[in-house]
Amino acid sequence: QVQLVESGGGLVQAGGSLRLSCAASGRTFSSYAMGWFRQAPGKEREFVAVISRSGRITSYQDSVKGRFTISRDNAKNTVYLQMNSLKSEDTAVYSCAAAQGYSGSPSDYNYWGQGTQVTVSS
């Protein structure tokens with residue numbers, strides 16, 4: 001069992017930055033690939049970024065490439081999402097999730113956090 005708790009969301013102006021954190025419980029954090037997903041009102045949940053167990057491999061949704069960076073610290077059981085040059089279309093609830101394999105599909109993720117709201121004002 002893995003419990004995930006996100007933090008770092010908030011209100012920011014377009015062009016600004018936020019850093020999301022996701023703290024995981026348990027001793028097996030390094031056994032999971034970690035992903036960030038987001039869901040805007042009235043829209044489907046969508047993939048944002050994923051990082052491998054070691055942290056050496058990452059992948060991003062095209063719309064956030066070059067602006068967002070996913071990273072992890074296995075010693076601290078934490079995964080991060082650094083978000084720069086934020087746009088109004090980035091407004092959503094952002095959730096972290098843990099998966100056994102490296103994947104961008106929400107259905108492959110076993111554990112989910114509650115989410116944190118990110119609002120970008122234009």
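Basis for what follows: all heavy atoms, side chains included, without hydrogens, waters or symmetry-related copies.
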- request: For the pair Y32 and Y111, name the ring-plane relationship: parallel under 30°, tilted 30 to 60°, perpendicular over 60°.
  value: perpendicular
message: Working to the nearest 0.5 angstrom, can you tell me the gap between N110 CG and Q1 CD?
response: 10.0 Å
- request: Report yes or no: do F68 and V12 belong to one cluster of Ile/Leu/Val/Met/Phe/Trp/Tyr joined by side chain heavy-atom distances under 4.5 Å?
  value: yes
task: Indicate yes or no: at least one non-hydrogen side-chain atom of Q117 is less than 4.5 angstrom from one of T91.
output: yes
- request: Look only at the side chain of Q61 and the backbone of F47, and say whether a donor-acceptor pair between them is shorter than 3.5 Å.
  value: yes
- prompt: What's the verdict on side-chain contact (heavy atoms from CB on, under 4.5 Å) for Y60 and R67, showing C-alpha distance, side-chain angles and the deciding distance?
  reply: CA-CA 10 Å; Y60 299 90; R67 299 189 298 122; over 6 Å; no
task: Indicate the atoms forming the closest heavy-atom contact of S17 with S85, along with that distance.
output: OG-N, 4.3 Å
- prompt: Could you state the interatomic distance from CZ (R72) to OG1 (T58), rounded to the nearest 0.5 Å?
  reply: 12.0 Å
- request: Inspect the contact between K65 and D62 and indicate whether a charged nitrogen and a carboxylate oxygen are less than 4.0 angstrom apart.
  value: yes
Neighbour count >12 (heavy atoms, 6.0 Å) for atom CD, Q82: yes
field: Heavy-atom closest pair, residues N77 and S25
entry: ND2-C, 4.5 Å
query: Hey, quick one: are F37 and I70 part of the same hydrophobic cluster, counting side-chain heavy atoms closer than 4.5 Å, chains of contacts allowed?
result: no
Distance, nearest 0.5 Å, that separates CG of L86 from OG of S122: 12.5 Å
query: Would I51 and Y80 satisfy side-chain contact (heavy atoms from CB on, under 4.5 Å), going step by step from the backbone distance to the final call?
result: CA-CA 10 Å; I51 189 166; Y80 305 97; over 6 Å; no
Sub-4.5 Å side-chain heavy-atom contact between R53 and S30: no
- line: Between the CD atom in Q39 and the OG atom in S95, the distance rounded to the nearest 0.5 Å is 8.0 Å
- line: In D90, L81, V118, T116, the residue satisfying side chain to side chain contact (heavy atoms under 4.5 Å, CB included) with R38 is D90
- prompt: Linking I/L/V/M/F/W/Y whenever their side-chain heavy atoms sit closer than 4.5 Å, directly or via other members, would Y94 and L18 fall into one cluster?
  reply: yes
- prompt: Nearest heavy-atom pair of T78 and S21: which atoms, and what distance?
  reply: CG2-CB, 4.3 Å
message: Looking at every heavy atom in both W112 and P106, which two are closest together, and how far apart are they?
response: CZ2-O, 3.6 Å
- prompt: Which value, rounded to the nearest 0.5 Å, describes the distance between I57 atom CD1 and S52 atom OG?
  reply: 4.5 Å
field: side-chain contact (heavy atoms from CB on, under 4.5 Å) between E6 and L20, intermediate numbers included
entry: CA-CA 7 Å; E6 302 94 338; L20 305 183; over 6 Å; no
message: Between S105 and S107, is there a side-chain donor-acceptor contact under 3.5 Å, judged purely by atom types and distance?
response: yes
task: Carefully, step by step, assess M83 and W36 under the rule side-chain contact (heavy atoms from CB on, under 4.5 Å).
output: CA-CA 12 Å; M83 305 186 294; W36 283 98; over 6 Å; no
query: Cluster question for you: counting only ILVMFWY and a side-chain heavy-atom cut-off of under 4.5 Å, with indirect links fine, are V79 and V50 together?
result: no
- request: Please answer: with hydrophobic residues joined when any side-chain heavy atoms are less than 4.5 Å apart, are Y102 and Y109 in the same cluster?
  value: yes
- request: Tell me, yes or no, whether the heavy-atom count around Q114 atom CD, taken from other residues, nucleotides or ligands under 6.0 Å, exceeds 12.
  value: no
